[in-house]
Amino acid sequence: MQRIDFLRYSALGGGALSASWPLPRSSHFADRPGLFRSALTPLLLVAALLAGCSSEPEGTSLEQLRQQTHIHGLAFDRADSERILLATHHGFHVVGGDGLARQVSNETHDFMGFTPHPQDAETLFSSGHPARGGNLGVLVSSDGGRNWEQRASGVDGPVDFHQLTISEADPDVLYGVHAGRLQVSRDGGQGWRVQAPVPDGLIGLAASSRDPQHLYAATKGGLLMSPNGGERWRQLHPERRPVSLVVADGEELYAFMLGVGLIRADEATRQWEVVNGDWGERYLTHLAVAPDDPARLVAADDQGRLLLSTNGGQDWSPL
């Protein structure tokens, strides 16, 4: 399992037809049971086919999923915030309201750098590796993760963006990291160019929700901010501790800092407050904010467990 060690260093209702009803003695079928069976067989086949089409794939418990793979990215489904999207080492899954995970794509890629479009619920971006090896370049799904295609190869590609982020302020602007260099696209992921080297010890990247030129970086040496698309970086938090994630959503910033906990700031002021510091040796690796309720958060911890908060991150419960 890949993880970060910061101290050492992502029309029949589904039922089957029944043949048990009584038949009148004068029934043509009752007099000829072989003919009855022949007539009923096609109906049974149709019922079975319709029942199969109407049922969802069998779900997997989150504990089973945790044992089988690990999470590289997550998000709430913008079309239905009761559903949580999971990009994993072994395919793309959706967690439904029943708490079960279902693989929604036939692709078993190692999905890296997963990031959803901030406006279009059906459009998702990712990168990573195919199951057979190699790199995928920049992938896009236009149907909520069921099907994926390569939108671009990237500079010196196909790239493997372990960090990929899209600007909420301008969704045509995306940033990705490959081979220690920051790349930028300003046309929705079609064309890419190298912007600059990335900060040392980069772990996470988030584009601002206010300005497409502003970037935030979670690094082993602290939380950084760039005002010019990654060409120059400065310290954003006085503590120079390892930061495992940074998220910009709805003009709010979230970050997880080891030894401090989950912290939050208004993006306009960048005045940080500790939301929850009671994590012990644990830390969060991914976090997302519900599009219809900013107090509702979902996160993954360093053990691959999914957690849910309904009060802005103050309290958490297992999903």
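The first residue of the sequence shown is numbered 1, and numbering continues consecutively from there.
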Which atom names give the shortest non-hydrogen contact between Gln314 and Ser309, and what distance separates them? N-OG, 3.9 Å
Taking atom CG of Asp266 as the centre, does the number of heavy atoms from other residues, nucleotides or ligands within less than 6.0 Å exceed 12? yes
Check whether Ser226 reaches the backbone of Arg232 with its side chain - one donor and one acceptor, N or O, closer than 3.5 Å. yes
How about CG on Asp278, more than 12 heavy atoms from neighbouring residues, nucleotides or ligands closer than 6.0 Å, or not? no
How about Leu306 and Leu86: do any of their side-chain heavy atoms sit closer than 4.5 Å? yes
If every non-hydrogen atom of Arg296 is compared with every non-hydrogen atom of Phe76, which pair is closest and at what distance? NH1-CE2, 3.4 Å
Nearest heavy-atom approach of Leu205 to Ala217 is CD1-CB, 4.4 Å
Members sharing Leu100's hydrophobic cluster (side chains within less than 4.5 Å): none
Taking atom CG of Asn106 as the centre, report whether more than 12 heavy atoms of other residues, nucleotides or ligands fall under 6.0 Å from it. no
Trp148: partners by ring pair (Phe, Tyr, Trp, His ring centres under 6.0 Å), with sequence neighbours left out: Phe92, Phe111
Does a donor on one side chain sit under 3.5 Å from an acceptor on the other, for Arg66 and Gln68? no
Among all residues two or more places apart in sequence or in another chain, which pass the ring pair (Phe, Tyr, Trp, His ring centres under 6.0 Å) test with Tyr175? none
Give me the atom names and distance for the closest heavy-atom approach of Pro118 to Pro171. CG-CG, 3.8 Å
Test side-chain contact (heavy atoms from CB on, under 4.5 Å) applied to Gln103 and Thr108, step by step: CA-CA 9 Å; Gln103 187 165 331; Thr108 56; 3.8 Å; yes
I'd like to know if the side chain of Thr219 and the backbone of Gly201 have a donor-acceptor N/O pair within less than 3.5 Å. no
Do the side chain of Gln183 and the main chain of Gly154 share a donor and acceptor less than 3.5 angstrom apart? no
State whether a side-chain donor-acceptor pair under 3.5 Å links His90 with Thr69. yes
For atom CZ of Arg240, is the number of surrounding heavy atoms from other residues, nucleotides or ligands below 6.0 Å larger than 12? no
Applying a strict under-4.5 Å side-chain criterion to I, L, V, M, F, W and Y, I'd like to know whether Val177 and Val184 cluster together. yes
